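A short write-up of the structure that comes next.
Please read these numbers as outputs of a predicted model, since none were measured by experiment. A, B, ... follow the sequence lines: proteins, then strands. Residue 1 opens every chain.
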There are 2 protein chains.
Amino acid sequence: MRQNSQLSGVLHILLHMAELDGPVTSDRLAKMMKTNPVVIRRIMAGLRENGLVQSEKGHGGGWRLTRGLSEMTLLDIYKALGEPAVFAIGNRTESPTCLLEQSANASINQALKDAEDVLLARLRAVTLEDLKNDVGDQVRDLRHWNDHDSTA
Amino acid sequence: MRQNSQLSGVLHILLHMAELDGPVTSDRLAKMMKTNPVVIRRIMAGLRENGLVQSEKGHGGGWRLTRGLSEMTLLDIYKALGEPAVFAIGNRTESPTCLLEQSANASINQALKDAEDVLLARLRAVTLEDLKNDVGDQVRDLRHWNDHDSTA
DNA sequence: TATCATGTAATATCATAAGTTACATGATAG
DNA sequence: CTATCATGTAACTTATGATATTACATGATA
């Protein structure tokens, strides 16, 4: 099954935007993401409607974050993307008349809902600031590992 | 995103098989499921490899359950299907060199893993027998609802 | 030995995400 | 003013994977 990687892609975009001064053009982001500027605009349009970014036309225009990284959770971004389907698993029939199939679907749906609740709770608990800080941790971990390795 | 509905379909198939005496042909199952017999065989082949069903060729042949409904959990069936991808959400790049993207992916993956653990735990807790019994509950609920409705 | 059923490879169909093209709208520099 | 730059967006193309179909092989039974 094909996977939707918009969330992963958008996080990447936003973290890079936060590192740059001033607005960033769709062309520049597209090069960073190795994709087409129109794809960037489509994604960013959703974020703009949810107030996470703003856009400016003309010379010196582009995209800009409207809040600090610590004020954007992964859940905010997921919602801004239109809450794309979480699961690759679904029901064969939407409203089956067969009672057995209804029962099977109900059970699957309950399990999926419980899992989705956990997922959204996790996304709500992480901000973009956390992700940025994690990079520092990773670098530190790496250095520690290297130190350990070279002294062993 | 397109959804994989094999789990839902297979539960439906197995519950019907348990209701019928003797082996059931792929053709008959295909008609029940409004699909093609080859699709049924493909799915059932996976279940057979995991010992959940057995097949017999020739006259009077077909598919048969190898255990009682109470000895088959939804997790057993999920595994027999080859543990298909649970999530429609994925990473944009498998092994990104960008540290920011690594951090974003790591966080998403952790959230997905937590959710997957919950999902599998739920699937492990439900047997086909439970699903069959749930049908009774639904019928009772419906009757209760109708009683309530008609006496209100 | 004719018929029935599974086994399976090869191919076709269909839905959807992602990518591309083309052109409209609006802002700014000169 | 107008040339340029940037977003806005509709229409179209491409790529991918799930599902469906066809065709034929294998094995069991009446």
Side-chain angles (χ1 to χ4, degrees), chain A residues 1-10 12-13 17 20 22-49 52-64 66 81-94, chain B residues 1-10 12-13 17 20 22-49 52-64 66 81-94:
Chain A
M1 161 129 345
R2 194 120 190 237
Q3 290 196 319
N4 178 333
S5 59
Q6 283 195 1
L7 182 59
S8 164
V10 165
H12 190 192
I13 288 174
M17 281 174 64
L20 301 171
V24 192
T25 66
S26 303
D27 272 293
R28 190 161 172 201
L29 289 173
K31 289 216 173 68
M32 281 179 176
M33 308 287 294
K34 294 198 174 78
T35 183
N36 193 289
V38 175
V39 174
I40 299 289
R41 287 189 199 117
R42 271 204 291 251
I43 294 174
M44 299 300 274
L47 299 193
R48 187 188 47 221
E49 281 162 21
L52 301 184
V53 299
Q54 58 192 191
S55 61
E56 293 150 40
K57 290 182 171 179
H59 279 274
W63 301 93
R64 194 193 293 270
T66 56
L81 290 173
E83 310 193 22
V86 169
F87 298 104
I89 292 176
N91 294 148
R92 200 183 64 95
T93 309
E94 203 49 49
Chain B
M1 160 129 349
R2 196 117 188 242
Q3 291 195 317
N4 178 334
S5 58
Q6 283 195 358
L7 182 58
S8 164
V10 165
H12 190 192
I13 288 174
M17 282 174 65
L20 301 170
V24 191
T25 66
S26 303
D27 272 292
R28 191 160 172 202
L29 288 174
K31 289 215 174 69
M32 281 179 176
M33 308 287 295
K34 294 200 175 78
T35 182
N36 192 288
V38 175
V39 174
I40 299 290
R41 289 192 197 112
R42 269 204 293 253
I43 293 174
M44 298 302 274
L47 300 192
R48 187 187 49 221
E49 282 162 22
L52 301 185
V53 299
Q54 57 191 191
S55 61
E56 293 150 40
K57 289 181 172 181
H59 281 275
W63 300 93
R64 195 191 294 269
T66 56
L81 290 173
E83 310 194 24
V86 169
F87 297 105
I89 292 177
N91 293 149
R92 199 182 65 96
T93 308
E94 204 48 49

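The CG-P distance, from A:Asn4 to D:dT16, rounds to 17 Å in whole Å. At whole-Å resolution of the value, CD in B:Gln6 and P in D:dA20 are 10 Å apart. Separating the CH2 atom of A:Trp63 from the P atom of D:dC5 is a distance of 19 Å, rounded to the nearest angstrom. Taking atom CE of residue B:Met44 and atom P of nucleotide C:dA5, one finds them 15 Å apart after rounding to whole Å. To the nearest angstrom, C1' of C:dA5 lies 14 Å from CD1 of B:Ile40. Atom CD1 of B:Ile43 is separated from atom P of D:dT21 by 13 Å (rounded to the nearest Å). For B:Met33 and D:dT21, the CE to P distance is 14 Å, given to the nearest whole Å.
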Going 5' to 3' through nucleotides 21-30 of chain C, assign each nucleotide B (protein heavy atom under 4.0 Å from a base atom), S (under 4.0 Å only from sugar-phosphate atoms) or - (no protein heavy atom that close). BB--BBBB--
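The side-chain heavy atoms of A:Trp63 and A:Ser55, taken from C-beta on, include a pair separated by under 4.5 Å. For the pair A:Ile13 and B:Arg92, the minimum side-chain heavy-atom distance is 4.5 Å or more. The shortest distance between side-chain heavy atoms of A:Asp27 and A:Ile40 does not fall below 4.5 Å.
Contact annotation: B:Ser55 reaches the phosphate of C:dG7 (side-chain N/O to OP1 or OP2, under 4.0 Å). OP1 or OP2 of D:dT7 has not a single side-chain nitrogen or oxygen of A:Arg48 nearer than 4.0 Å.
Near-neighbour residues of DNA chain C inside residues 25-32 of chain B, defined by a heavy atom below 4.0 Å, number-ordered: B:Thr25, B:Ser26.
Distance check, rounded to the nearest 0.5 Å: NE2 of B:His12 to OG of B:Ser5 gives 12.0 Å. Rounded to the nearest 0.5 angstrom, B:Thr35 OG1 and B:Arg42 CZ are separated by 9.0 Å. How far CG of A:Leu47 is from CE of A:Met17: 8.5 Å, rounded to the nearest 0.5 Å.
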Report the secondary structure of DNA chain D in dot-bracket form, marking unpaired bases with a dot and bases paired to a different strand with |, and treating Watson-Crick or G-U pairs with both distances under 3.5 Å as paired. ||||||||||||||||||||||||||||||
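The two atoms that bring A:Ala30 and A:Pro37 nearest to each other are CB-N, 3.5 Å, heavy atoms only. Of all heavy-atom pairs spanning B:Arg41 and B:Ser26, the tightest one is CG-OG, 3.3 Å. The heavy-atom pair separating A:Gly22 from A:Arg64 by the smallest distance is CA-NH1, 4.2 Å.
Judged by distance alone, with hydrogens and angles left aside, the side-chain atoms of A:Thr66 form a donor-acceptor pair with the main-chain N or O of A:Leu52 at under 3.5 Å. A donor-acceptor contact shorter than 3.5 Å links the side chain of A:Thr25 to the backbone of A:Arg28.
Side-chain N/O atoms of A:Arg42 and base N/O atoms of D:dA10 include no donor-acceptor pair closer than 3.5 Å.
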